[in-house]
Chemist: 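Below is a structure I'd like to ask you about.
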Amino acid sequence: MNFYQKVYQVVKKIPSGKVATYGQIGSIISSPRSAQIVGFALRALPENSGVPWQRVINSEGRISIQNLRHRQSEQADLLKKEGVEVEFRDNAYCVDLAKYLHRFKRFG
DNA sequence: AAGGTGACTAACA
DNA sequence: ATGTTAGCCACCT
């Protein structure tokens with residue numbers, strides 16, 4: 001199982017209605033400095049992978065997707081559909097991490 | 001096989 | 001507070 005596969009495994013564990021950060025995912029798979037690699041893994045995801053990539057946001061609680069295939073507004077809509085409050089502020093979509101960050105068993 | 005590329009982050013200025 | 005920089009490291013040439 002390569003790094004990307006590990007990332008997908010962890011992302012799949014994020015329950016609907018919750019979010020996680022790139023750095024958090026990296027920490028879970030014992031690679032706390034590879035947050036950016038986590039982003040690569042999600043970018044490499046095919047269209048209908050079954051991996052809830054929309055639940056992964058950056059450490060500031062903002063949506064940082066920069067993929068031509070999807071837009072930030074699309075990720076925001078998906079999260080709203082799952083019950084996550086997303087607020088558009090300062091030209092970016094924001095989520096309250098204190099409220100919606102998922103706590104993994106091995107993290108926090 | 002060596003170097004470039006970033007859906008990141010924390011540290012600076 | 002806001003913008004920039006330098007580490008970061010699995011993948012892809």
Chemist: Just wondering, are more than 12 heavy atoms of other shown residues or ligands nearer than 6.0 Å to NZ in A:K80?
Modeler: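 Yes, the 6.0 Å shell around NZ holds more than 12 heavy atoms from other groups.
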
Chemist: Give a yes or no on whether the backbone of A:G23 and the side-chain of A:S27 come within a donor-acceptor separation of less than 3.5 Å.
Modeler: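 Yes: the side chain of A:S27 pairs with the backbone of A:G23.
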
Chemist: B:dA7 P sits how many Å from A:Y93 OH, rounded?
Modeler: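 Nearest whole value for this atom pair: 19 Å.
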
Chemist: Can you give me the N/O atom pairs linking the protein to nucleotides 3-5 of chain B at distances under 3.5 Å, or say none if there are none?
Modeler:
none

Chemist: How many Å lie between CZ on A:F3 and P on B:dA7, as a whole number?
Modeler: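 After rounding, the reported distance stands at 15 Å.
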
Chemist: Write down the distance between CG (A:D90) and C1' (C:dT2), rounded to a whole number of angstrom.
Modeler: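 Checked: the CG to C1' distance equals 11 Å.
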
Chemist: Any side-chain to backbone donor/acceptor pair from A:R55 onto A:I14? Under 3.5 Å, distance only.
Modeler: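 Answer holds: yes.
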
Chemist: If you measure from NZ on A:K12 to CD on A:Q9, what distance do you get to the nearest 0.5 Å?
Modeler: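 CD of A:Q9 is found 5.5 Å from NZ of A:K12.
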
Chemist: Output the rounded distance in Å from CE (A:M1) to C1' (C:dC11).
Modeler: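 In whole Å, C:dC11 C1' and A:M1 CE are 17 Å from each other.
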
Chemist: Treat primed atoms plus P, OP1 and OP2 as sugar-phosphate and everything else as base, then score nucleotides 8-13 of chain B 5' to 3': B for base contact with protein heavy atoms under 4.0 Å, S for sugar-phosphate contact only, - for none.
Modeler: BSS---

Chemist: If every non-hydrogen atom of A:N58 is compared with every non-hydrogen atom of A:S64, which pair is closest and at what distance?
Modeler: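 Nearest pair, atom of A:N58 first, then A:S64: ND2-CB, 3.6 Å.
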
Chemist: I need the CG-P distance between A:N2 and C:dA10, as an integer number of Å.
Modeler: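 These atoms are roughly 11 Å apart.
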
Chemist: Is a donor on one side and an acceptor on the other found under 3.5 Å between the side chain of A:S34 and the backbone of A:I37?
Modeler: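 Here the side-chain-to-backbone pair does not exist.
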
Chemist: Any luck finding a side-chain donor-acceptor pair between A:E82 and A:Q54 under 3.5 Å?
Modeler: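 Indeed, the side chains of A:E82 and A:Q54 share at least one donor-acceptor pair under 3.5 Å.
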
Chemist: Working to the nearest 0.5 angstrom, can you tell me the gap between A:L78 CG and A:W53 CH2?
Modeler: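 These two atoms lie 5.5 Å from each other.
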
